[in-house]
Amino acid sequence: MTTVIVALGGSLLRPEIEERHTWLEGLVSVIRDRASMNDKIGIVVGGGAPAREGIELARPMISDESHLDKIGIAATRLNATIVREALSDAGVPVSGTIPKSIDEAVLLLEKRQVVVMGGTNPGHTTDAVAIRFAVSSGATKCIIATNVPKVFDEDPKHNPNAQAHDFLTHDQLLEIIGVSEHSRAGVSQIVDPVGAKEAAENGLTLNILDGRIIDLIKEAIVDGDFQGTEVRKG
Ligand code: UTP
């Protein structure tokens, strides 16, 4: 029995992504298979488009970033509800509620095979939630499913010659991220710096991959020939 936590970037549920129903069906099928093999899986869903839209709408009227974070958290829970309901209807043994804290999530994962959640508190993103959930539940690793194939040393949109990495130490990842704090509500980075720091402190292995390709998530869960960037202890 393996325990794995998966952070699903909210962009993966965006309406712009073609074939999003096929993607969601593929996700449900992978989770159903793994649950039937007795794996325990925690899924932490990001806010994506509704988070960004809500934060942008309210920003001119709200100066406190933590109040804007709350809008983002509400969006993550909306997306988590979509994923939870899809799993539940497919007969996957998923917890009946969306936990609001790590402690609650850990307790639910003891009772259920699968737990789906969104954000917890202001001050970080769902990457950090997934990393804390992984550390607290004794998971073997945390999968960060995002919309880029690997971690690059620079943003490939700005530098087409940016170098992609298959393996990084935690320190190398922190160096690439560059900052160590949650800067603004709704601002996205390859991995949330708050989470990356906690992964480093706890020696937690991260698998960062392109979640648009469901097979990559599957391979990372079953520990196959996974494509993406593995971050591990130096
Ligand atoms: P996301 O986890 O979706 O962050 O939370 P992101 O990295 O911006 O988006 P993706 O995953 O790449 O799509 C959206 C926003 O919600 C707030 C933050 O403002 C975050 O930027 N949030 C989320 C929190 O404050 N706390 C949480 O636990 C989760």
Side-chain angles (χ1 to χ4, degrees), residues 5-17 20 23-24 27 42-84 98-106 115-136 142-152 155-157 173 176-199 206-212 217 228-229:
I5 307 299
V6 186
L8 282 183
S11 65
L12 300 171
L13 289 126
R14 274 166 69 178
E16 297 92 292
I17 289 188
R20 60 192 192 280
W23 180 86
L24 190 56
L27 178 77
I43 303 174
V44 185
V45 191
R52 245 189 338 274
E53 278 169 22
I55 291 167
E56 269 167 31
L57 173 63
R59 187 176 286 286
M61 285 156 284
I62 298 176
S63 54
D64 187 329
E65 286 296 320
S66 71
H67 297 169
L68 294 168
D69 281 343
K70 286 188 198 169
I71 297 171
I73 294 169
T76 65
R77 290 187 183 149
L78 165 70
N79 284 341
T81 305
I82 296 168
V83 173
R84 202 214 72 81
I98 304 279
K100 292 190 170 169
S101 71
I102 300 294
D103 287 351
E104 205 189 322
V106 171
V115 170
V116 183
M117 71 187 297
T120 53
N121 307 308
H124 49 75
T125 76
T126 45
D127 289 350
V129 174
I131 285 164
R132 281 179 194 165
F133 191 3
V135 169
S136 303
C142 182
I143 296 168
I144 312 266
T146 176
N147 57 6
V148 290
K150 289 181 187 193
V151 178
F152 289 81
D155 188 340
K157 279 186 216 131
L173 176 69
I176 287 172
I177 296 172
V179 290
S180 60
E181 280 171 9
H182 176 66
S183 45
R184 268 157 73 92
V187 169
S188 196
Q189 283 178 280
I190 179 75
V191 181
D192 177 356
V194 177
K197 200 160 156 260
E198 291 186 15
L206 305 178
N207 285 179
I208 301 159
L209 51 79
D210 191 339
R212 293 170 295 188
I217 299 179
T229 302

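These numbers were taken from a predicted model, which means no experiment stands behind them. For the single chain, residues carry numbers from 1 onward in sequence order. Every number for a ligand or one of its atoms is a count from 1 in the order of the listing. Because only heavy atoms are used, hydrogens play no part in the values below, and waters and symmetry mates are left out as well, while side chains stay in.
Residues Pro122 and Lys70 have side chains in contact (heavy-atom distance under 4.5 Å, counting atoms from C-beta outward).
Judged by distance alone, the side chain of Arg212 and the main-chain N or O of Asn147 form a donor-acceptor pair under 3.5 Å. A donor-acceptor pair is defined here as one N or O able to donate and one able to accept, closer than 3.5 Å; such a pair exists between the side chain of Thr76 and the backbone of Gly119. No side-chain donor-acceptor contact under 3.5 Å links Asp192 to the backbone of Asp127.
Contacts with ligand 1 closer than 4.0 Å are made by side-chain heavy atoms of Val129 only, the backbone lying farther away. If you look at Thr146 next to ligand 1, there are no close heavy atoms at all, none under 4.0 Å.
Atoms of ligand 1 found under 4.0 Å from any heavy atom of Gly9, numbered from 1 in the order shown, are 11 (O). Every atom of ligand 1 is numbered from 1 in the order shown, and the set under 4.0 Å from a heavy atom of Ser11 is 13 (O). Which parts of ligand 1 touch Ala185 is read off a 4.0 Å heavy-atom cut-off, strictly below it: atoms 19 (O), 21 (O). When each atom of ligand 1 is checked for a heavy atom of Gly47 under 4.0 Å away, the hits are 1 (P), 3 (O). Interface atoms of ligand 1 facing Gly186, defined by a heavy-atom separation under 4.0 Å, are 8 (O), 19 (O), 20 (C), 21 (O). Atom numbering of ligand 1 starts at 1 in the shown order; those under 4.0 Å from a heavy atom of Asn121 are 24 (C), 25 (O), 26 (N), 27 (C), 28 (O). Counting the atoms of ligand 1 from 1 in the order shown, those under 4.0 Å from a heavy atom of Pro122 are 25 (O). With ligand atoms numbered from 1 in the order given, ligand 1 contributes 25 (O) to contacts under 4.0 Å with heavy atoms of Gly123.
Considering only non-hydrogen atoms, atom 13 (O) of ligand 1 lies nearest to Gly10 out of Gly119, Ala145, Ala128, Gly10. Proximity annotation for atom 27 (C) of ligand 1: of Arg184, His124, Arg132, His124 comes nearest, heavy atoms only.
Scanning the protein heavy atoms around atom 2 (O) of ligand 1, the nearest turns out to be Thr126 OG1, 2.4 Å.
Between Asp103 and Ser101, the side chains place no donor N or O within less than 3.5 Å of an acceptor N or O (distance only, hydrogens not considered).
Between atom CZ of residue Arg59 and atom CD1 of residue Ile71 there is a gap of 9.5 Å, rounded to the nearest 0.5 Å. We find the OG1-CZ distance between Thr229 and Phe152 to be 8.0 Å, quoted to the nearest 0.5 Å. Atom CD1 of residue Ile43 and atom CG of residue Leu8 lie 6.0 Å apart, to the nearest 0.5 angstrom.
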